[in-house]
Amino acid sequence: MQATITVLPGDGIGPEVTAIAVALLKDVAALGGHTFIFQEALFGGCAIDAAGDPFPAETRIMCENCDAVLLGAVGGVQWSDPTAKVRPEQGLLRLRQHFGLFANLRPVRAYPMLASHAPLRADLLEGVDMLFIRELTGGAYFGARQEQGDGDTAYDTMIYSVPEVQRVARVAFRAAQGRRKHLTSVDKANVLASSRLWQRTVKQVAAEYPDVQVDHALVDSFAMQLIRTPSRFDVVVTENMFGDILTDEAAVLAGSLGMLPSASLGEGTFGVYEPIHGSAPDIAGKGIANPIGTILSAALLLRHSLTLGDEAAALEGAVQAVLESGARTGDIAEPNTAALGSAAFGEQVRAALRKAH
Ligand code: NAD
């Protein structure tokens, strides 16, 4: 197949980790006889410096004319003034809004060989393999808000419509069909009207997917169950703010922020794929960042935007094989053991991919 991929390396460790994922995507293309065309554009803080805008028109046009976007990370101390008019994260929000990316997928796996890096007992992490689907363009982050007022009062509005819930619920049900056929929908229906609409709508959509078992959990109790018995969850769907909080909670199960990928999807096959970590200014430029989150994001890109499921699985398998071989970047290495730099770790994944072919 032929596909065009826009790469937005961004700031900090973003360029370091995307370079490794791009090398692997080139290998995937060569091994499978595909043609991937890569185009790189400015995004985030570096785009503010170069063009005064974190999401310049030129970048937007490139994203409009491609099949998928691979993003590194944005941000850094030099752009961190919260009162600044133009900030790197505005680029992320505008990118998601522009392409109607309403579903954020975050797979969370606990690798047994990394269990010592997670704060939970190893037996609790056994079999943890879940997929979070967070609604990304609605709820309190997009509802009406009073930001200043008289200084004594402020409000945010958590607002959802039935179509907004239906479309993200369908993404979740379809994902569950391809996995263990179990969906947990998380809300706060005992208190919030928007959650009652959420739950009612998920129940209606469930009728279209009779093969999927659905549970409804209250967000407070779910937050506890996620730590007590994480392996019982398969696909989890929830609204924007609950998802923001719960996915960070779930991230600790994987042992390092550097491990986790994400995909932001809309109605079609187009998507934006990025690791969940930020630009990690404390380690930027040192060549020691863990590239796994970005490599696994490239695998999601292959699966969701290019419908190359076998190639995605091969890439995920190569990461698994390298971890099984004992190779580690600094963030997941045992104390007093040698760690590989990002590039050397990437080379091992490339070798494992070629070996498995
Ligand atoms: P961060 O994720 O950048 O870093 C948190 C900690 O995790 C740091 O100690 C960092 O060194 C470590 N870390 C992160 N990714 C790693 C990797 N791949 N390998 C090894 N260690 C890794 O979060 P932060 O420090 O809160 O934010 C730094 C900047 O990133 C800020 O400007 C923030 O706004 C931005 N940010 C961007 C995104 C994004 O682009 N989507 C997300 C979160 C934060």
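Each ligand, and each atom within it, is numbered from 1 in the order the structure gives. Scope of the values below: all heavy atoms of this structure, side chains included, with no hydrogens, waters or symmetry mates.
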* **Contact bool for atom 24 (P) of ligand 1 (protein heavy atom, d < 4.0 Å)** => no
* Asked: At a non-hydrogen distance cut-off of under 4.0 Å, which region of I13 contacts ligand 1 (side chain, backbone, both, or neither)?
  -> side chain
* Is V74 close to ligand 1, meaning an N/O of one under 3.5 Å from an N/O of the other? -> yes
* Asked: Would you say S279's side chain and A73's backbone share a donor-acceptor pair under 3.5 angstrom?
  -> no
* Asked: For ligand 1, does L92 get within less than 4.0 Å through its side chain, its backbone, both, or neither, judged by non-hydrogen atoms?
  -> side chain
* Should you measure from each heavy atom of G258, which atoms of ligand 1 turn up under 4.0 Å away? -> 17 (C), 18 (N)
* To do: Report the relative orientation of the aromatic rings in F36 and F38; use parallel for angles under 30°, tilted for 30 to 60°, perpendicular for over 60°.
  => perpendicular
* Is it true that atom CG of L192 has more than 12 heavy atoms of other residues, nucleotides or ligands lying nearer than 6.0 Å? -> yes
* May I ask you to check whether Q146 and T153 show a side-chain donor-acceptor distance below 3.5 Å? => no
* Search all heavy atoms of F345 against all heavy atoms of P291 and return the closest pair with its distance. => CD2-CG, 4.0 Å
* To do: Please write down residue, atom name and distance for the protein heavy atom closest to atom 8 (C) of ligand 1.
  => D282 OD2, 3.4 Å
* Under 4.0 Å from atom 2 (O) of ligand 1, do we find at least one protein heavy atom? -> yes
* S262 and E274: side-chain donor and acceptor closer than 3.5 Å? -> no
* Asked: Less than 4.0 Å between a side-chain N and a carboxylate O, is that true for E316 and R303?
  -> yes
* Which atom of L296 lies closest to which atom of Y111, heavy atoms considered -> CD1-OH, 3.8 Å
* Asked: Just distances here: any N/O of E89 and N/O of ligand 1 closer than 3.5 Å?
  -> no
* To do: Would you mind finding which of S279, G72, G330, G75 brings a heavy atom closest to atom 29 (C) of ligand 1?
  => S279
* Min N/O separation G76 to ligand 1 under 3.5 Å -> yes
* To do: Distance to 0.1 Å, residue and atom name: give those for the protein heavy atom nearest to atom 14 (C) of ligand 1.
  => H277 CB, 3.6 Å
* State, without any angle test, whether Y273 and S305 hold a side-chain donor-acceptor pair at a distance under 3.5 Å. => yes
* Minimal non-hydrogen separation, N65 against I61, with atom names -> ND2-O, 2.8 Å
* Are any of the protein's heavy atoms under 4.0 angstrom from atom 32 (O) of ligand 1, yes or no? -> yes
* To do: May I ask you to decide if the ring planes of Y209 and F173 are parallel, tilted or perpendicular, using 30° and 60° as cut-offs?
  => parallel
* **Contact atoms of ligand 1, heavy-atom distance to E274 under 4.0 Å** => 41 (N)
* Identify which of I292, I276, L257, I288 has a heavy atom lying nearest to atom 7 (O) of ligand 1. => L257
* Asked: By number and element, which atoms of ligand 1 are closer than 4.0 Å to a non-hydrogen atom of A289?
  -> 19 (N)
* Structure fact -> Among V77, I283, N290, the residue with a heavy atom nearest to atom 22 (C) of ligand 1 is I283
* To do: Using a 4.0 Å heavy-atom threshold (strictly under), name the region of P281 that reaches ligand 1: side chain, backbone, both or neither.
  => side chain
* To do: Look only at interatomic distance and state if G278 has a nitrogen or oxygen under 3.5 Å from any nitrogen or oxygen of ligand 1.
  => yes
* Structure fact -> Numbered in order shown, the ligand 1 atoms found under 4.0 Å of a heavy atom of A73 are 40 (O)
* To do: Starting from atom 12 (C) of ligand 1, find the nearest protein heavy-atom neighbour and note its residue, name and distance.
  => A280 CB, 4.5 Å
* Test item: side-chain donor near acceptor, N104 and S264, under 3.5 Å -> yes
